[in-house]
Structure formats: C-alpha cells, structure tokens
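For reference, the structure discussed in these notes is given below.
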Amino acid sequence: MSIRVYNTLTRRKEEFEPREPGKVAMYVCGPTVYNHIHIGNGRTFLTFDVIRRYLVWRGFDVRFVQNITDVDDKIINRAKEEGIPAADVARTYTHAFRKAMDDFAIERPTVQPKATEMIEPMIAMVERLVENGHAYVVDGDVYFSVRSFPEYGKLSGRDIDDLLSGARVDVDTRKQDPLDFALWKAAKPGEPHWPSPWGEGRPGWHLECSVMSEAELGVPFDIHGGGSDLVFPHHENEIAQSEAATGKPFARYWLHGGMLQINAEKMSKSLGNFMLLRDVLAQYPTPVVRLLMLQTHYRSPLDFSPDRLDEAVSSHERILNIVRNLHWARTAEVSGEGATDESRVALAGALEEARAKFVAEMDDDFNTAGAIGAVFEIGRAANAFLSEHQSDLAEVDRELLVNAENLVIELLGVLGIEIAEATRDNSDLPPDVIGLAEQLAGYTGTDSAEAVKALLAARSVARTEKNWAAADAVRDGLMLIGIAIEDTPQGPRVNYRPRG
RNA sequence: GGCGACGUGGCCAAGUGGCAAGGCAGGGGCCUGCAAAGCCCUUAUCCCCGGUUCGAAUCCGGGCGUCGCCUCCA
C-alpha cells in the first residue's frame, strides 16, 4: 500500500516516496498578517492539516514548517490607514491567525518562522544570487532575472514569451525583463527596513519561503503546499530563486488546494466577497465546518454558503448520533443471549471494510470525501446491528460495539473532527431543570442531575398510567432548556446540548 | 488571447475501463402512546455529438457551459 499524490509539477498522481524513509519534510505557505484570515485561507490550512495528520497516522515523522509573512506592502498599507506602526498590525493579526488556527483545530506547525526573524539568511540568499549572475541591483532594489533560469515556468506550465504577450504585465523600465521580480526592495521613508549590502530595505515576498524552507528542512524537501492561486507567480518564483541559488531541486511534490467560492466565484480579499473564518466559527462548531470542507476533494473548487453549512450541521448530527447510539448501547447493562453470529460477522466485516476503505481513499491523494463516506458506512452497519439487537446484547456484543465506536472516533480524529460531545456525560446540566423538576415532579433539592432523575421518574410514572399529557409536559419542558429525551430499549436517554 | 481545471440523482459529492460510494432534502413502510433516534424501500439515458473497446461516467476528437491562473491573493 502506498500513498499517491497529485504533483502540480508533473501534472499527475505519483507514488509518494519521501526523501528519507519514514520521515516527511513539508512546507506550507502561511498568511500575510494584515487582516483576519478568511474561510478560503482556512480551507487551505485545513487541507494541509489533514494531510499532515494522515501522514502522522500512517507512521511518518512529519516536520511541518509554515511561515508568517509579517513584512509586506499590504501590512504597510494597513498600518498607514490606521496610523499605527506596521509591526503593530503584524503582531495583532499574527495573534489573530494563531487563535483562528487553534479554534479551527489546526495543529501547530513544528516550526513557524516569521519573515522578520529571517532577514539575515534572506540577504545571504540574495547575495548568492547576485554573485552567480541570477540577480541584478538597480538603485537599492535587487531583481531576479527570469531569463537567467531556463526552467522558469516549469511549475505553472508557462512560457516566458507567452506570459509577455499578456497585456497585464507591469512595464518597469528598470527591469531587464518585465517578469523579473523583486528579491529585495529599497525602503521608502516610514517603511520597515533593515541594512543590507544594497542599502536599507526589506525582502521581497517570494524570498522568505525559499529561505525558511531551506533553513528548516533542507533541499530538496518533500512536500510544498499552498493554494492553487499561488502556483504563479509565487511558487514559480520560489523555485527559480531557490534552484538558481542552490543548484539543487527545491521541492519534490507540489500540492495545491482548490479555491473556495461564493456563488461560484472565487472568494478573495481583493474581490471583497469573503467571510472571515472567525465569524463562521462563531456561528458553527469547528467539526461542522471541517466536515463540510472535507466532503469535497481538496483540489476541487468548493462553493460555500449558509445553506451548505446548515446541511453540514445535519450530517454532523448523524455522525454524533452514530457514536451516541454505540456509546449508549455498549454502556448499558447487558444480560441477553446476544446477537446472532451472522449479525456479529456482518458488523465486524463492515468495520474491517470501512477501515480499509478509509485508508485506500486517503492513500489516493487524500480523498477525504471518500474517507468520510467510509465512516458513514460504519454508521449504517452499526445502526442496523443495533436496530435488530439492542434489546438483547451479550458481553461479546459489547466488545464489538466498543470496537465500532473507537473506530469511528479514531478515523474522524485523523480528519481532526472531534466528537467528544457525543459521549459527554451530561454532568453540566443547566440549573433551569431544578425549577422544572419542582413544578412537574415535586422535587425540592438543588442538584441538577437529581432534578433530571426526578423528572424522568415522574415521566415514567405518568407513562405507566398512560397520562400522556403529564409525560409529554416533562419531555417538552426539558426540550425547551436544551435537554432531549429519547426512549430506548434500555430506558430513556438524556442528551443535553448547551449550544441548542 | 495563452495555460489549466471542471460538468455525476432535487442539492452537495466520491468514483479515471467492468453491477454508479456517501451526505442533505423528498416520498413510502417499520419501530414508538406520540415523538426522537434508527432500520428497510424509493428517485441517475453520469452536459451534448462522434470515435476507440467485448465493455466508457471513466480513454480519444469536436461542441456547449462553468470556474481558476496569467496582477496582490490560500
């Protein structure tokens, strides 16, 4: 079994073989910290978080590097607008970025360098490029000469001359070629600046990724990731400057995530049609948003909308119920003769098949949509088993149910979809139940859990007496404060959901 | 204009040569005092036209449509 990945560089799926067996060195372009990140950024970071988690789950030792671009034109512009130092803008949104990543259950990078911490090695790379004739200096600016690198365009499948025929290339008479890009920019008054052999200035955007990845991972490293809109010019330029500087290949596998769209249009800060990740997460739980995004392959465009979020809430609910049902059944008293051998074999077989399918799907270029399908298939098998045998389980059945529950949790965990709430012990019941219990069950104490028990007892009595009005008053009353009662063969099950 | 991707049931979506996953929504049935949860059943000429093949959603050619990159962008 091997992992296959789609490599933008070769335009096909290839078997993934890291440079060093058992270890993976990966780099993912991080944000420019001039604003809160939007859900399109979030999707890309989610993609690579899942790829990383999966590689770790498959036994690889993964070193994951992601930069933070904290010096850049956009940050400078933002600082000017607000009349504050650029460093303050960068600091504010660096913190916001890290918080958003934590909230979105994205694991922290192994290393997360900031551009401003890497100025020295960036200058060193520019010096290398000037020395070996791939870069030239004009009035304190340093440009990379694309004509000096014959392979320029190999990642994006472009030809320099085709690019030139497009009308949208800046004409800058100081450049030898319109496609030449800045490695180092002379500082204008009021801008952040560092001393360099070419005068005070700051690094060009593409440079930091080349320098950091080489410093933290060495070249060539295994996986370079980012959004597909970075293929050109950003990643093309990284390749050019890195390979020209080191004489070695830069990255072995280039993985690019598809764009997130709103109404079938790319969402981007420049189009203004963006939703901030933190705003979405304020309204929808992280597992719901992750589930929604992962139900589409990472390279495909993904149309995002409130309707789809609401659908994902329902899908997520089904997943929670799968685990909730298993958890309830396997923690209940077992005393029956148990399920039939046929049913046990069917469920055990379904678990094996689902695990195999999950691995096969993820091995195939991280097909999370197919992998999630495998998880749902466990649910159908498990629910079918329970619908037939829940009222007559034996000890061996319990083990099977534990296996099923653990498998669902494990596989979803690989996708970073946390479902702890499905097995929560309802210990944090709201105090409102006490008043309800007093009113409907004559409860006089002050303990929420006892109050619920009193209410369930009262309902049980009412049901025995066929006093449906009284029984439903309990259920409806609890529902109003977020506590759902579901009757099962093992008695009523209580499910409290604080978020409503 | 150049380069590239995509078009699968009402909606979303996996599937790159061999009986069309999965989710959401809808309909019917079962279970339930009624519910909830769940189970079972149910909906596809895979954009169109040609071609290759014993066999095509899948490969090739053409068409139509949508999107992305070519400028800062995840």
Side-chain angles (χ1 to χ4, degrees), chain A residues 8 11 13 28-32 34 37-48 72-74 77 153 156-159 161-170 179 205 225-234 236 256-261 264-271 274 291-292 295-297 299-303 305 307-308 310-322 324-325 328 357 361 364 367-377 379-380 382-388 390 462-463 466-468 471-472 475-476 479 484-489 492-493 495:
Chain A
T8 305
R11 283 179 200 75
K13 278 188 201 170
V28 175
C29 291
T32 299
Y34 71 101
I37 63 163
H38 57 64
I39 53 176
N41 301 307
R43 182 196 186 195
T44 296
F45 300 140
L46 170 64
T47 292
F48 292 100
D72 172 88
D73 289 349
K74 296 199 162 199
N77 291 339
S156 53
R158 284 157 219 264
D159 181 87
D161 296 310
D162 287 345
L163 283 164
L164 290 178
S165 68
R168 292 199 270 183
V169 181
D170 258 355
L179 288 171
W205 172 43
S228 59
D229 53 353
L230 294 185
V231 173
F232 190 92
H234 183 54
E236 195 70 69
H256 290 99
M259 293 295 99
L260 192 142
Q261 310 182 326
E265 256 195 344
K266 175 184 170 184
M267 171 164 67
S268 71
K269 289 177 184 173
S270 53
L271 287 176
F274 60 88
L291 184 64
L292 164 56
Q295 277 182 297
T296 298
H297 186 93
R299 281 192 287 110
S300 300
L302 166 62
D303 210 50
S305 69
D307 282 353
R308 296 212 53 197
D310 290 336
E311 278 180 19
V313 168
S314 299
S315 305
H316 178 243
E317 197 62 35
R318 177 162 169 87
I319 283 179
L320 291 180
N321 283 329
I322 288 166
R324 198 175 278 143
N325 293 342
W328 174 260
K357 177 178 174 179
E361 296 287 5
D364 183 11
N367 187 349
T368 53
I372 288 168
V375 174
F376 279 108
E377 284 169 25
R380 190 161 37 72
N383 283 326
F385 181 91
L386 290 178
S387 75
E388 195 174 353
Q390 180 156 1
R463 293 183 73 205
K466 298 196 191 300
N467 183 352
W468 309 127
D472 291 347
R475 189 173 62 197
D476 296 345
M479 186 58 85
I485 294 180
E486 300 173 350
D487 292 315
T488 78
R493 178 166 81 185
N495 176 30

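Chain A is the first sequence line, chain B the second, and so forth, proteins listed ahead of strands; every chain is numbered from 1.
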Sugar-phosphate only, base, or nothing, as touched by A/Ser314 at under 4.0 Å among non-hydrogen atoms: sugar-phosphate
Sugar-phosphate, base or nothing in reach of A/Gly257, heavy atoms under 4.0 Å: nothing
Whole-Å gap separating C1' (B/rU32) and NZ (A/Lys466): 12 Å
Side-chain donor-acceptor contact under 3.5 Å, A/Asn321 with A/Arg324: yes
Which nucleotide in B/rA74, B/rA13, B/rG33 has an atom nearest any side-chain atom of A/Arg463: B/rG33
Between P of B/rC31 and CZ of A/Arg493, the distance in whole Å: 20 Å
Sugar-phosphate only, base, or nothing, as touched by A/Arg475 at under 4.0 Å among non-hydrogen atoms: base
Nearest-Å distance for atom pair CZ/P, residues A/Arg299 and B/rC67: 21 Å
Touch class at under 4.0 angstrom, heavy-atom based, for A/Glu486 against every strand present: base
Selected nucleotide, minimal atom distance to A/Glu311 side chain, candidates B/rC24, B/rC40, B/rC70: B/rC24
Sugar-phosphate only, base, or nothing, as touched by A/Leu260 at under 4.0 Å among non-hydrogen atoms: base
Sugar-phosphate only, base, or nothing, as touched by A/Asp472 at under 4.0 Å among non-hydrogen atoms: base
Span that lies between the C1' atom of B/rU43 and that of B/rA36, in whole angstrom: 26 Å
